[in-house]
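Contents: one structure, followed by commentary.
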There are 2 protein chains.
Amino acid sequence: MQDGNVTSGNHGEDLLFLTDDNLLQGIELMFFAYKGFTSDPDRILQNYTYGRAHHRAVHFINRKRGITVNNLLDILGVTKQSLNRVLRQLVDDGLVESRVGTNDRRQRNLYLTQKGKDLEQELSDAQRVRMRAAFRDAGPDAVRGFRAVLENMIDPEMRKRVQGLKG
Amino acid sequence: MQDGNVTSGNHGEDLLFLTDDNLLQGIELMFFAYKGFTSDPDRILQNYTYGRAHHRAVHFINRKRGITVNNLLDILGVTKQSLNRVLRQLVDDGLVESRVGTNDRRQRNLYLTQKGKDLEQELSDAQRVRMRAAFRDAGPDAVRGFRAVLENMIDPEMRKRVQGLKG
DNA sequence: ACTTTATGTCAGTATTGTTGACATTCCAAG
DNA sequence: CTTGGAATGTCAACAATACTGACATAAAGT
């Protein structure tokens, strides 16, 4: 009697893909791929006075327009002092606009100006070029697997926080 | 007449998985997954006087015992001054041994001491726990996809440099 | 009125990266 | 054997990004 369902979860057998060797390979892949992943924007940012932290802020402000400072802090996982330095520069330079909240006037809602959108575009274009090539060469099935594994690697707490990004 | 080979490359159609939305999702997945990926070792390292840079050095010295400083520099992609600070601490603290090369006496071959191996083990154990869970829950097919996409994201130049790690 | 929340800011410090300069050691080519 | 260059180590200065702790302000909630 055989198990007819070979696509769903493992029932004790065929766990050979979980060897320490395979896990080690996965760990190093994460390291080297992330290095490649960040290299294009990093190169572009050298032409400005900005760094990776500015990129992240600009990215998520673009992603969720009107996001509050606290929301952004939760997503980035840094202290308000660290974010504030970056945010102040972006506001001073006219890339980000900080508006007092309408419902809760303590909050600040963050928006990209046109200048901010331009930088975001330049950075994300570069990042998409690499990602698109990687996706295309690997194929749609591989991309599904890529997504499944990476989703599982995210902290459960963080997963809750970033749910709003998908909707 | 249908295309019998559905697993190989795309022939012009079905590229819907390359939409900007999907690419954006991939970009954010990389960000959040990498954060999770590094969180366990980072937490452990707080109990020591070491940081992520020490972890990386210890990892690759363990991975390729007797590696030269120059080789390690190529893999890590940092300057010798940056690596040297980390390396000196590890040597001073008795986690890494630096032996003069036998063929070329200018080179230094790096080895982990027992103390170094202990730390490496503690860090990689934690990292493997997360990776194993992510792999297991996603399944072997997904892991193949994960690997394919991440391989494609690595800089071609870096890919050459790290070939030696697989053999 | 009092407390809590959201935000901003100042000061100090740690980690990790960078350049530039210089010294030492040692292989290799002339 | 001398010279050139490669590999390594070290010093100093600096930059980006993170942290903690403390304090201030304004507005919301009780």
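FYI, side chains are in, hydrogens and waters are out, and symmetry mates aren't considered; it's all heavy atoms of this structure.
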Taking the basic N atoms (NZ, or NE/NH1/NH2) and the acidic carboxylate oxygens, is any pair closer than 4.0 Å for A:Lys115 and A:Asp93?
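No, A:Lys115 and A:Asp93 are not salt-bridged.
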
Short N-O contact, B:Asp155 and A:Lys35, less than 4.0 angstrom:
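The answer is no: the pair does not qualify as a salt bridge.
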
Among the candidates [options], find the nucleotide nearest to the side-chain atoms of [X].
X	options	result
A:Arg108	C:dT7, D:dG9, D:dA27	C:dT7
B:Arg56	C:dG8, C:dG17, D:dT17	C:dG17
B:Arg105	D:dA27, C:dC27, D:dA18	C:dC27
A:Arg88	C:dT5, C:dT7, C:dT9	C:dT9

Tell me every residue that passes ring-ring contact (aromatic ring centres under 6.0 Å, His included) with B:Tyr50, counting only those two or more places apart in sequence or in another chain.
B:His54

Taking atom [atom2] of [N] as reference, at what distance in whole Å does atom [atom1] of [X] sit?
X	N	atom1	atom2	result
B:Asp104	D:dG5	CG	P	17 Å
B:Leu90	D:dG9	CG	P	13 Å
A:Leu45	C:dG17	CG	P	17 Å
B:Gln89	C:dA14	CD	C1'	11 Å
B:Arg99	D:dG9	CZ	P	15 Å
B:Tyr48	C:dT15	OH	C1'	18 Å
A:Arg52	C:dT18	CZ	P	11 Å
B:Asp92	D:dT10	CG	P	9 Å

Specify whether A:Tyr34 and B:Tyr34 have parallel, tilted or perpendicular ring planes, treating 30° as the upper limit for parallel and 60° as the lower limit for perpendicular.
parallel

May I ask you to say what A:Asn103 touches in the nucleic acid, namely base, sugar-phosphate or nothing, with a heavy-atom cut-off under 4.0 Å?
sugar-phosphate

Donor/acceptor link under 3.5 angstrom from A:Arg106 side chain onto base of C:dT5
yes

Base C:dG17 paired with B:Arg85 side chain (donor-acceptor, <3.5 Å)
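Per atom types, the contact qualifies.
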
Under 4.0 Å, heavy atom to any atom of DNA chain C: which of residues 67-83 of chain A qualify?
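The stretch gives A:Thr68, A:Val69, A:Asn70, A:Lys80, A:Gln81 as the residues lying under 4.0 Å from the strand, ordered by number.
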
Under 4.0 Å between a side-chain N/O of A:His54 and OP1 or OP2 of D:dA16, yes or no?
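False: A:His54 side-chain N/O out of range (4.0 Å or more) of D:dA16 OP1/OP2.
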
Could you verify whether a donor N or O on one side chain and an acceptor N or O on the other, from B:His59 and B:Gln127, lie under 3.5 Å apart?
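No, because no side-chain N or O of B:His59 sits under 3.5 Å from a partner of the opposite role on B:Gln127.
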
Side chains of A:Asp118 and A:Gln114: do they bring a donor and an acceptor to under 3.5 Å?
yes

Can B:Ile27 be reached from A:Leu76 by stepping across I, L, V, M, F, W or Y side chains whose heavy atoms are under 4.5 Å apart?
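A:Leu76 and B:Ile27: one cluster.
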
